[in-house]
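Here is the structure we will look at, set down as structure tokens.
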2 protein chains.
Amino acid sequence: MADLARTPRQIGTIIQRTRKKRGWTQSDLAARAGLRQATISTIETAETPAKLDTILAVLAALDLEFQIAPRSLGDNADIEDLF
Amino acid sequence: MADLARTPRQIGTIIQRTRKKRGWTQSDLAARAGLRQATISTIETAETPAKLDTILAVLAALDLEFQIAPRSLGDNADIEDLF
DNA sequence: TCGCGATATACACCACAGCGTATATTTACA
DNA sequence: TGTAAATATACGCTGTGGTGTATATCGCGA
């Protein structure tokens, strides 16, 4: 089930949760994503909003991906199109 | 149905498609997102990877949102967890 | 085809994310 | 409790994305 991600904070939380689920340290994830441990730290705590490609790299390293969906309809939004 | 968004280019395409569906110009979208028309242009053409909060602002203006889901399982990924 | 709205580009400037390096500080476990 | 691993911070530097202003180019309807 896809997690909602409207803010950098929510994104950071999801990344951290998934990383721990994989049993990886921040350094592990950093190495796989081609980043520094410190960068993972700032992303997870959402200290500063990251760059899009940085987040995409982290998600890829975690075997995750973004999806884009209509907001107002909730998760089970399967409505064909928003007019 | 949620669109997959693994690259800045895919994200730009989805944003453009949704904007046109709304019947908005780049200037319209820019105004609603607190950005410039030129910025919308570079995002849609994926000329340069944007910042995360910029993309989030554009998505919000379009009443869209990110979701985060496992990559390898396709869209109907409802599997409990990928630990 | 003409003209105007829509989109793409240009240039100087500023803000800031991520880097390298390094060190606090916290957490977990023997 | 002590200590090593894991995480959070620090500092100067660099690359670059977004801004303001402005213009060039494209596309489409009359």
Side-chain angles (χ1 to χ4, degrees), chain A residues 3-68 71 81-83, chain B residues 3-68 71 81-83:
Chain A
D3 290 292
L4 192 141
R6 292 185 182 176
T7 67
R9 180 167 297 275
Q10 289 175 328
I11 293 172
T13 301
I14 294 170
I15 287 174
Q16 184 179 59
R17 208 182 56 218
T18 307
R19 173 180 63 80
K20 287 182 175 172
K21 219 172 270 181
R22 299 270 194 285
W24 298 351
T25 67
Q26 291 184 344
S27 300
D28 292 337
L29 177 54
R32 289 169 188 259
L35 300 167
R36 296 183 314 148
Q37 174 264 321
T39 301
I40 303 296
S41 174
T42 63
I43 289 175
E44 289 187 353
T45 60
E47 223 176 70
T48 74
K51 293 181 186 174
L52 178 60
D53 33 352
T54 305
I55 297 292
L56 289 174
V58 172
L59 291 182
L62 286 168
D63 203 48
L64 296 177
E65 70 186 0
F66 273 139
Q67 294 176 352
I68 298 183
R71 282 186 90 129
D81 266 327
L82 212 50
F83 90 99
Chain B
D3 290 291
L4 191 141
R6 292 184 181 177
T7 67
R9 179 166 298 275
Q10 288 174 329
I11 293 172
T13 300
I14 294 170
I15 287 174
Q16 185 179 58
R17 208 182 56 219
T18 307
R19 174 180 63 79
K20 288 182 175 172
K21 216 172 275 180
R22 300 271 193 285
W24 298 350
T25 66
Q26 290 184 345
S27 300
D28 291 336
L29 178 54
R32 289 168 188 261
L35 300 167
R36 296 184 313 148
Q37 173 264 322
T39 302
I40 303 296
S41 174
T42 63
I43 288 174
E44 290 188 353
T45 60
E47 224 175 69
T48 74
K51 293 179 187 173
L52 179 59
D53 32 352
T54 304
I55 296 292
L56 290 173
V58 172
L59 290 183
L62 286 168
D63 202 49
L64 296 177
E65 71 188 358
F66 273 138
Q67 295 177 351
I68 298 182
R71 283 184 86 128
D81 267 328
L82 202 54
F83 81 103

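Proteins come first, then strands; the chains are lettered A, B, ... in the order of their sequence lines, and each starts at number 1. Not measured: the values here are computed from a predicted model.
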Can you tell which of D:dG18, C:dT7, D:dT7 lies closest to the side chain of A:Ser27? D:dT7
Tell me if the CZ atom of A:Arg17 is crowded by more than 12 foreign heavy atoms within 6.0 Å. yes
Length of the NZ-C1' vector between A:Lys20 and D:dA5, whole Å: 14 Å
Could you check B:Thr25 against B:Thr42 and say which one's nearest nucleotide on DNA chain C is further toward the 5' end? B:Thr25
May I ask you to evaluate whether A:Thr48 reaches the phosphate of C:dC16, defined as a side-chain N or O under 4.0 Å from OP1 or OP2? no
Determine whether a donor-acceptor pair (one donor, one acceptor, N or O, separation below 3.5 Å) exists between the side chain of B:Gln37 and the base of C:dA8. yes
Figure out the CG/P separation between A:Leu29 and D:dA8, and round it to whole Å. 12 Å
Of B:Thr54 and B:Ala38, whose closest DNA chain D nucleotide lies nearer the 5' terminus? B:Thr54
Rounded distance (Å) that lies between atom C1' of C:dG18 and atom CG of A:Leu52: 15 Å
Would a 4.5 Å heavy-atom cut-off, applied to side chains only, mark B:Thr13 and B:Asp3 as touching? no
OP1, OP2 of C:dC19 versus side-chain N and O of A:Thr39: anything below 4.0 Å? yes
Which is true for A:Ile40 with a 4.0 Å heavy-atom rule: it touches a base, it touches only sugar-phosphate, or it touches nothing? nothing
Nucleotide C:dC19, atom C1' - distance to NZ of A:Lys51 in whole Å: 10 Å
Nearest of D:dT16, C:dT9, D:dG18 to any side-chain atom of B:Leu35? D:dG18
At under 4.0 Å, does any side-chain N or O of B:Arg36 touch on OP1 or OP2 of D:dT19? yes
State, to 0.1 Å, how close B:Gln10 and B:Arg6 come at their nearest heavy-atom pair, and which atoms those are. OE1-N, 2.6 Å
Could you state the atom-to-atom distance from CD of A:Gln26 to P of D:dT7 in whole Å? 5 Å
Rounded to the nearest 0.5 Å, the CG atom of A:Asp28 sits from the CZ atom of A:Arg22 at a distance of 12.5 Å
